[in-house]
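If you read the sequence from its start, that first residue is 1, and numbering goes on from there. Here the structure is a predicted model, which is why all the values come from computation and not from measurement.
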Amino acid sequence: MNPNGPNLVFLLNKSITLNQLKQIHAPIITNGLNELQSLLLRQVLHSNFTYSRTIAQYVHQILHNLQNPDDFSWGCAIRFFSLHFQYKTALSLYVQIKRLGLCPTSFAVSSALRACARIVHKVGGISIHAQVHKYGFCGCVYVQTALVDLYSKLGDMETARKVFDGMTEKNVVSWNSILSGYLKAGNMEEAQVVFDEIPNKDVVSWNSMVSGYARIGNMDKAFFLFQQMPERSSASWNAMISGFADCGRMESARSIFDSMPLRNKVSWIAMISGYSKCGNVESARQVFDQMSEKDVLSFNAMIACYAQNSQPKDALELFNQILKREVNIQPNEMTLASVISASSQLGDLKFGLWIETYMSKDGIELDDHLATALLDLYTKCGDIERAYKLFHGLKKRDVVAYSAMILGCGINGKAVDATKMFEEMVSAQICPNSVTYTGLLTAYNHAGLVEEGYRCFNSMNDHGVVPSGDHYGIMVDLLGRAGQFDKALELIRSMPMQPQAGVWGALLLACSLHNNVELGEIAARNCFKLEPDKSGYYALLANIYASTERWDDARRLRKVMEKKGFTKIPGCSWMQSI
């Protein structure tokens with residue numbers, strides 16, 4: 001075929017591959033057919049090619065070499081990048097339009113606004129809003145809807161509503177945008193009003209309301225709307241499953257799951273996660289095993305389930321299945337975070353070192369999330385120096401990283417370092433949380449620093465942290481080990497919640513260290529009542545009796561243990577060294 005203008009136009013209008021387009025591009029350039037460059041660009045932008053870095057580079061190449069740049073081509077390019085989640089690129093091209101002296105199309109403006117909304121670029125969005133009036137797009141439903149969506153995502157519902165009310169024409173997307181804004185703001189009352197006013201609700205409108213009520217735990221209202229839906233998508237069913245699972249109503253979640261006409265991966269993973277939250281690992285595994293096709297997300301859900309429910313060996317066993325060649329699944333950052341957590345529970349230092357090597361080999365970036373998980377592992381394995389190295393290499397140190405490091409210092413007997421870390425954290429205006437205080441109190445407890453522990457405990461309210469049963473337990477242990485039993489008992493009696501077994505257990509352990517029979521019996525009675533099947537409490541009280549030569553009481557308690565079928569478990573350590 002002769003590579004003249006009409007023939008090339010004919011080819012460009014056919015459905016062809018990217019390589020074929022590039023072959024057509026060559027004669028366009030060599031024959032100086034510059035007017036066809038724009039047509040070539042539009043063919044690339046409107047094709048069904050899977051987005052890739054190669055295609056993006058090719059689009060840039062054509063766009064920036066157009067002999068006669070035009071509004072429409074640039075607008076299509078901006079829309080292309082915005083639709084493929086390349087929001088910064090879309091905004092960069094929009095800025096360049098102005099420099100070229102071109103007038104942006106409505107598609108360019110709405111796509112640029114969409115990009116600002118997705119990356120929450122407030123200044124850019126407001127700047128483009130000002131240009132909407134200049135370019136005469138006040139009556140364009142697509143641009144106005146993009147503005148409503150922008151301000152909704154910025155949390156500025158007053159402006160979003162003002163734009164929405166000023167629209168002369170509204171489509172269902174416009175209504176859904178303002179509805180989504182109210183739902184995101186948690187204003188269910190106003191969201192319900194908007195929903196009731198939508199003239200032609202689509203499945204997105206219904207899904208938004210069902211998800212909104214599910215998020216706040218109002219599953220009765222969510223289910224009522226779900227039953228009224230004229231049509232349902234997978235998202236409708238999944239919203240109900242996730243909502244019931246988050247509320248701990250797994251029977252209801254299972255009923256919805258079993259009624260689904262067509263399940264997708266989100267449905268299966270929602271069920272696994274729901275059972276995980278309830279501690280029902282067996283049911284989670286049953287769901288996992290029933291999946292006909294498993295990907296990395298489903299494996300991640302099940303591995304996380306094991307790790308979060310104190311079954312680290314099962315988590316690592318499942319991870320080893322992923323690594324088998326025939327499985328053909330590539331672990332990602334979330335997979336590794338869960339297996340690191342499992343290794344941390346086992347004190348498996350060698351596995352942590354292997355993970356670092358594996359990540360380096362497979363080109364997985366050690367981001368702050370993974371680095372924090374690793375430093376938690378290293379501190380629990382006693383390798384505090386390696387943990388320090390990871391901590392100081394973090395790009396951004398947040399409350400999770402500081403808390404892990406403070407706890408690590410605490411359990412490794414470095415109370416001074418834990419205190420310095422806490423002070424550094426507060427100076428950086430990072431607000432400590434419950435876990436942070438657990439770590440700091442643990443540090444003082446290990447070091448036997450009673451006064452410092454008291455000051456720390458009393459300062460929790462200064463940072464808006466309400467002491468939990470665990471915090472009280474650490475303080476009782478600290479006071480008890482120091483022999484300050486009156487203060488320990490006084491603290492227990494002052495607890496705003498019912499003292500848990502761990503609190504009375506800490507007091508019982510301290511009584512065994514100091515042979516305090518009278519208080520030991522009080523602590524033991526409460527432990528027996530709260531956890532009657534734990535043999536350790538009986539053994540501790542029996543030891544107190546034996547230490548004070550109350551042999552009859554000791555024998556009596558041993559007989560009770562035998563009658564209950566208790567066997568004393570020998571002590572062991574999970575910490576592994578290299």
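Under the 30°/60° scheme for interplanar angles, the aromatic rings of H392 and Y388 are found to lie parallel.
Under the 6.0 Å distance and 45° angle rule, R114 does not count as a cation-pi partner of Y87.
The pair R215-D246 does not count as a salt bridge, with every side-chain nitrogen at least 4.0 angstrom from each carboxylate oxygen. Remark: E365 engages K395 in a salt bridge, criterion side-chain N to carboxylate O under 4.0 Å.
Checked options F223, F257, F226; the residue passing with W237 is F226 (criterion: ring-ring contact (aromatic ring centres under 6.0 Å, His included)).
Ring pair Y402/F422: centre-to-centre distance not below 6.0 Å. Aromatic rings of Y142 and F137 (six-membered ring for Trp) have centroids beyond the 6.0 Å cut-off, not under it. The aromatic ring centroids of F319 and F299 lie 6.0 Å or more from each other. Ring pair W175/F195: centre-to-centre distance not below 6.0 Å.
You'll find the side chain of S208 stays beyond 4.5 Å of the side chain of N176, heavy atoms only. Put simply, the side chain of S252 does not reach to within 4.5 Å of the side chain of M219, judged on heavy atoms. Taking the side chain as every heavy atom from C-beta outward, V296 and Q330 never approach each other to under 4.5 Å.
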- So V266 and S234, side chain to side chain contact (heavy atoms under 4.5 Å, CB included) or not? Walk me through it. CA-CA 9 Å; V266 176; S234 295; over 6 Å; no
- Task: Please assess D149 against S152 for the test side-chain hydrogen bond (donor to acceptor under 3.5 Å, both in side chains), listing each intermediate value before the final yes or no.
- Result: CA-CA 5 Å; D149 183 55; S152 294; 5.8 Å; no
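No side-chain N or O of S255 forms a donor-acceptor pair with one of D258 less than 3.5 Å apart.
Closest heavy-atom contact between H471 and T438: NE2-OG1, 3.1 Å.
Summarising the local packing, CD of Q227 is surrounded by more than 12 heavy atoms from other residues, nucleotides or ligands at distances under 6.0 Å. Atom CD of E189 sits in a sparse spot, with 12 or fewer heavy atoms from other residues, nucleotides or ligands closer than 6.0 Å.
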